[in-house]
Amino acid sequence: MHRLLITGAGGTIGSVLRSGLQGTAEVIRLMDLRLLEAEPGEEVVVGDVRSLDDARQAVNGCDAVVHLAGIRQEAEFNAILETNIRGTYSVFEAARLEGCRRIVFASSNHAVGYYPVEQVIGTDAPARPDTFYGLSKAFGEGLGSLYHDRDGLEAVCLRIGSFVAEPTEHRHLWTWLSHRDGVQLVRRSLEAPDVGFLVVFGVSNNRRSLWRRDGWDKLGYEPEDDAEAFAARVGDQQPYRFHGGDFARQ
Ligand code: 15L
């Protein structure tokens, strides 16, 4: 691939992927609200995904996009609407207009956060968002489906669990996505042939996972880490009723 765009490149996930994805493209273009400093092999654009013009300028000349930009927890509805819903629309629409072929979208487990913890689910389970935030992720997955069916774009939607360096709480025993596995997952999502439209859970090889591995074989994703190695450290008390943890209030 010649050029890859990462939106929200200055954020938590973006900062890890920025180095982890080196070599997937000749040039990695980083988009963020603030000016980032380009390393060799990178270029930077300052822009706001809420603006279709900004998104078009950023996507122009790119073969693929990793779309991370957005609010990453619950917020007031209008903020979610503008940044996560309109922003994700702008990125898909920009990709269509600029002829970019593939989008890897950072969805979230919170699209299905109101499933009870007694239930293991696959990606065939209907959306059950736990917040406006989770709902915006379900919307992004819907955009992926629409732009694939209508316009032929390829879209891989990753329902990311907890992307942290190490598990620090009991819930991470089923939600952890290690940095190493996260990098592998995004790499495979960019490089696997003929992915069409795909939704997968983005977690490590956690033996207590509540999410099935649907679609991992299509990507060739083979996670190496298991949160169980940290079980003693995080305690054995199940504190939550729902997959979404403290996002799923009652
Ligand atoms: C997410 O989608 C959030 O962006 C992140 O902050 C964590 O809360 C994560 O999910 C999680 O479920 O642990």
Side-chain angles (χ1 to χ4, degrees), residues 6-17 32-33 49 66-77 79-81 83-85 87-88 91 104-117 119-121 123 125 127-144 156-179 181-183 185-186 189 199-206 208-212 223 225-228 230-231 233-235 237-250:
I6 304 178
T7 71
T12 319
I13 300 181
S15 310
V16 174
L17 291 185
D32 207 278
L33 286 170
V49 292
V66 176
H67 175 44
L68 306 174
I71 297 172
R72 59 183 185 185
Q73 70 278 313
E74 183 60 320
E76 190 251 325
F77 180 71
I80 295 284
L81 176 64
T83 302
N84 289 20
I85 294 181
T88 301
V91 171
V104 178
F105 169 57
S107 183
S108 167
N109 73 89
H110 295 286
V112 287
Y114 263 124
Y115 280 94
V117 292
Q119 194 176 342
V120 173
I121 60 167
T123 53
R128 213 164 165 183
D130 56 25
T131 41
F132 293 136
Y133 164 74
L135 187 56
S136 74
K137 296 300 184 179
F139 175 81
E141 294 178 6
L143 280 175
V156 185
C157 303
L158 308 175
R159 288 184 179 164
I160 297 170
S162 304
F163 187 72
V164 290
E166 289 187 353
T168 55
E169 56 173 274
H170 184 275
R171 180 170 173 270
H172 292 162
L173 295 179
W174 84 80
T175 62
W176 189 41
L177 175 63
S178 72
H179 287 184
D181 289 338
V183 167
L185 179 60
V186 176
S189 302
V199 178
V200 300
F201 283 103
V203 277
S204 285
N205 187 28
N206 305 325
R208 301 198 203 194
S209 181
L210 301 179
W211 304 316
R212 296 209 182 92
D225 296 307
D226 181 350
E228 204 63 25
F230 300 85
R233 197 190 293 181
V234 299
Q237 284 302 309
Q238 167 58 268
Y240 295 116
R241 291 179 57 201
F242 301 104
H243 288 209
D246 60 8
F247 281 43
R249 286 182 295 143
Q250 262 206 341

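Ligands are counted one by one from 1 in listed order, and the atoms in each one are counted from 1 as well. Computed from a predicted structure; not experimentally measured.
Of all atoms in ligand 1, listed by their number and element, those nearer than 4.0 Å to a heavy atom of Phe247 are 8 (O).
The shortest separation from a heavy atom of Phe163 to ligand 1 is not under 4.0 Å, leaving the residue out of contact. No heavy atom of Gly113 sits closer than 4.0 Å to any atom of ligand 1. The shortest heavy-atom distance from Asn109 to ligand 1 is under 4.0 Å.
With respect to atom 13 (O) of ligand 1, the closest heavy atom belonging to the protein is Ser162 OG, 2.5 Å. Distance from atom 9 (C) of ligand 1 to its nearest protein heavy atom, with residue and atom name: Gly161 O, 3.3 Å. When only non-hydrogen protein atoms are considered, atom 2 (O) of ligand 1 lies nearest to Tyr133 OH, 2.6 Å. The nearest heavy-atom contact from the protein to atom 12 (O) of ligand 1 is His110 NE2, 2.7 Å.
Under the 30°/60° scheme for interplanar angles, the aromatic rings of His243 and Trp211 are found to be tilted.
Ser108 places no side-chain N or O within donor-acceptor distance of the main-chain N or O of Ala111, the cut-off being under 3.5 Å. Proximity of a side-chain donor or acceptor of Asp32 to a complementary backbone N or O of Gly10 within less than 3.5 Å is detected. Not one N or O on the side chain of Tyr240 forms a donor-acceptor pair closer than 3.5 Å with the backbone of Pro116. With hydrogens and angles ignored, the 3.5 Å screen pairs a side-chain donor or acceptor of Asn206 with a backbone N or O of Ala227.
Below 3.5 Å of separation, one finds an N or O of Ser108 facing an N or O of ligand 1.
The distance from the NE2 atom of His110 to the OH atom of Tyr133 is 6.0 Å, given to the nearest 0.5 Å.
Ring centers of Phe163 and His179: under 6.0 Å apart, within the cut-off.
When the heavy-atom distances from atom 5 (C) of ligand 1 to Gln73, Arg72, Arg171 are ranked, the shortest goes to Arg72.
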